[in-house]
Asker: 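First the structure, then my questions, so here it is.
Basis for what follows: all heavy atoms, side chains included, without hydrogens, waters or symmetry-related copies. Note that this is a predicted model, so its numbers are computed, not measured.
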There are 2 protein chains.
Amino acid sequence: METNCYDGAYAHDNPQKKTDDLARNIIEQIADKWTILVIDALGTHGEMRFSRLREVVEGVSQKMLTKTLRQLERDGLVTRYVHPVIPPRVDYQLTPLGRSLLDKICGIWDWVEVHMSEMELARREFDHGEKRVDHLRPRDVPIA
Amino acid sequence: METNCYDGAYAHDNPQKKTDDLARNIIEQIADKWTILVIDALGTHGEMRFSRLREVVEGVSQKMLTKTLRQLERDGLVTRYVHPVIPPRVDYQLTPLGRSLLDKICGIWDWVEVHMSEMELARREFDHGEKRVDHLRPRDVPIA
DNA sequence: CGGTATCCGTGCGGATACTG
DNA sequence: CAGTATCCGCACGGATACCG
């Protein structure tokens with residue numbers, strides 16, 4: 001019951017507040033669609049140049065990719081190498097820190113792989129029972 | 001190099017496309033600020049009623065909390081119990097599936113705990129070197 | 001209390017045009 | 001090619017009001 005992952009409950013003038021804010025801030029950075037996909041891409045394909053990255057991370061716009069990469073670079077998760085040639089060539093790769101994070105993210109992916117069918121089923125059931133009977137729905141379970 | 005977490009590159013008329021879309025969809029669900037914080041809260045505190053949850057998950061609005069909980073319920077990660085009393089009382093708790101996901105998320109939290117100071121330092125360095133010298137920045141590293 | 005419905009601002013993110 | 005700058009729509013999310 002007391003897994004003690006993160007408890008945002010004590011943020012009122014708590015000496016640990018700053019620390020917690022930072023942690024939460026970092027999590028909110030990481031918990032981002034493009035961030036995860038970019039880290040993943042760099043993990044599976046290794047060092048890549050900007051344009052390739054844009055292909056691999058399907059659907060990302062130039063703007064978002066740039067922004068995401070800057071963010072990652074700032075956080076020390078990714079390095080950026082600019083080759084002094086024209087036309088420009090910029091390579092990105094994960095830092096050791098980035099790779100260690102990738103491990104954790106892979107953990108999530110693996111979890112998804114294993115449980116996605118389970119979740120898909122749960123969704124179908126939920127959507128099916130949901131006949132828009134609003135007040136006191138079927139799924140309501142009386143207890144006491 | 002070939003960690004094989006997720007590769008979004010092959011989504012053009014690939015027979016596996018549907019599966020990958022589902023996986024990505026699920027990830028994008030999970031990779032959400034409030035989703036993570038709510039799962040975490042339910043993990044650390046166990047079963048909780050709506051109003052308590054709203055206190056614990058600091059800063060969440062009623063609307064977002066409701067939406068997030070519905071999402072989680074639909075995905076089979078959270079159960080919702082409505083006590084037939086007035087005023088209403090609704091308790092939420094993680095399902096076994098939800099708890100197994102929590103484990104993975106805790107992995108991320110632990111990682112953050114360990115590396116947050118490192119990242120904070122990286123940020124400061126990055127921000128410091130960034131004197132808005134735009135073309136050919138100091139951090140550009142010539143290679144060939 | 002635990003919602004849903006409605007209104008509404010703003011900021012995320014796409015599209016486009018331009019530069020070194 | 002790898003950006004930056006600008007414009008802009010729209011969806012996300014907060015605030016408010018109301019209901020069972």
Asker: Can you find a side-chain donor-acceptor pair between E118(B) and H115(B) that sits under 3.5 Å?
Answerer: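 Checked: E118(B)/H115(B) side chains pair up, N/O donor to acceptor below 3.5 Å.
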Asker: CZ of R80(B) versus P of dC1(C): gap in Å, rounded?
Answerer: 16 Å
Asker: Take atom CG of L65(A) and atom C1' of dG14(C), then tell me their distance rounded to the nearest Å.
Answerer: 14 Å
Asker: Tell me the closest heavy-atom pair linking E58(A) and W34(A), and the distance in Å.
Answerer: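 That closest heavy-atom pairing would be O-CZ3, 3.8 Å.
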Asker: Examine dG3(C): is either OP1 or OP2 under 4.0 Å from a nitrogen or oxygen in the side chain of R70(B)? Give yes or no.
Answerer: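 Checking R70(B) against dG3(C): at least one side-chain N or O falls below 4.0 Å of OP1 or OP2.
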Asker: Could you check whether E55(B) pairs with R52(B) (Lys NZ or Arg NE/NH1/NH2 to Asp/Glu carboxylate O, under 4.0 Å)?
Answerer: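 Looking at E55(B) and R52(B), the cut-off is met.
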Asker: Minimum heavy-atom separation for R24(A) to W109(B), with atom names?
Answerer: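 Closest heavy-atom pair between R24(A) and W109(B): CA-CH2, 4.2 Å.
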Asker: Where do I108(B) and I105(A) come nearest, in terms of heavy atoms and distance?
Answerer: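 Where I108(B) meets I105(A) most closely, the heavy atoms are CD1-N, 4.3 Å.
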Asker: Taking all heavy atoms of S100(A) and all of L97(A), pick out the closest pair and write down the distance.
Answerer: OG-O, 2.7 Å
Asker: Could you tell me whether the phosphate oxygens of dA2(D), OP1 or OP2, come under 4.0 Å of any side-chain nitrogen or oxygen in R49(A)?
Answerer: yes
Asker: For the pair made of CD1 in I86(A) and P in dG3(D), what is the distance, rounded to whole Å?
Answerer: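 My rounded result for the distance is 16 Å.
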Asker: Any side-chain N or O of Y81(A) below 4.0 angstrom from OP1/OP2 of dA2(D)?
Answerer: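 Y81(A) to dA2(D) OP1/OP2: no side-chain N or O under 4.0 Å.
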Asker: Without decimals, in angstroms, what is the distance between D91(B) CG and dG3(C) C1'?
Answerer: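 Interatomic distance, CG of D91(B) to C1' of dG3(C): 15 Å.
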Asker: Mind calculating the distance between CD (E28(A)) and C1' (dC12(C)) to the nearest angstrom?
Answerer: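 Interatomic distance, CD of E28(A) to C1' of dC12(C): 15 Å.
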Asker: Expressed in angstrom and rounded to an integer, what is the separation of Y92(B) atom OH from dC1(C) atom P?
Answerer: 15 Å
Asker: In terms of the nearest nucleotide of DNA chain D, which residue is placed more toward the 5' end: T66(A) or P88(A)?
Answerer: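 Its nucleotide being nearer the 5' end, the pick is P88(A).
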Asker: Can you tell me the distance, in whole Å, between the CZ atom of F50(A) and the C1' atom of dG3(D)?
Answerer: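 The answer, rounded to whole Å, is 7 Å.
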Asker: In whole Å, what is the span from the CD atom of E73(B) to the P atom of dG2(C)?
Answerer: 15 Å
Asker: How close do V57(B) and A41(B) get, heavy atom to heavy atom, and via which atoms?
Answerer: CG2-CB, 3.9 Å
Asker: Respond yes when some side-chain nitrogen or oxygen of R89(A) is under 4.0 Å from OP1 or OP2 of dG3(D), and no when none is.
Answerer: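 Answer is no, no contact under 4.0 Å.
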Asker: By nearest heavy atom, map L69(B) and P87(A) onto DNA chain C; which one lands nearer the 5' end?
Answerer: L69(B)
Asker: Strictly below 4.0 Å: does R54(A) bring a side-chain N or O up to OP1 or OP2 of dA2(D)?
Answerer: no
Asker: Report, as a single string ordered 5' to 3', how protein heavy atoms within less than 4.0 Å touch nucleotides 6-19 of chain D: B base, S sugar-phosphate only, - not at all.
Answerer: -B-----BBB----
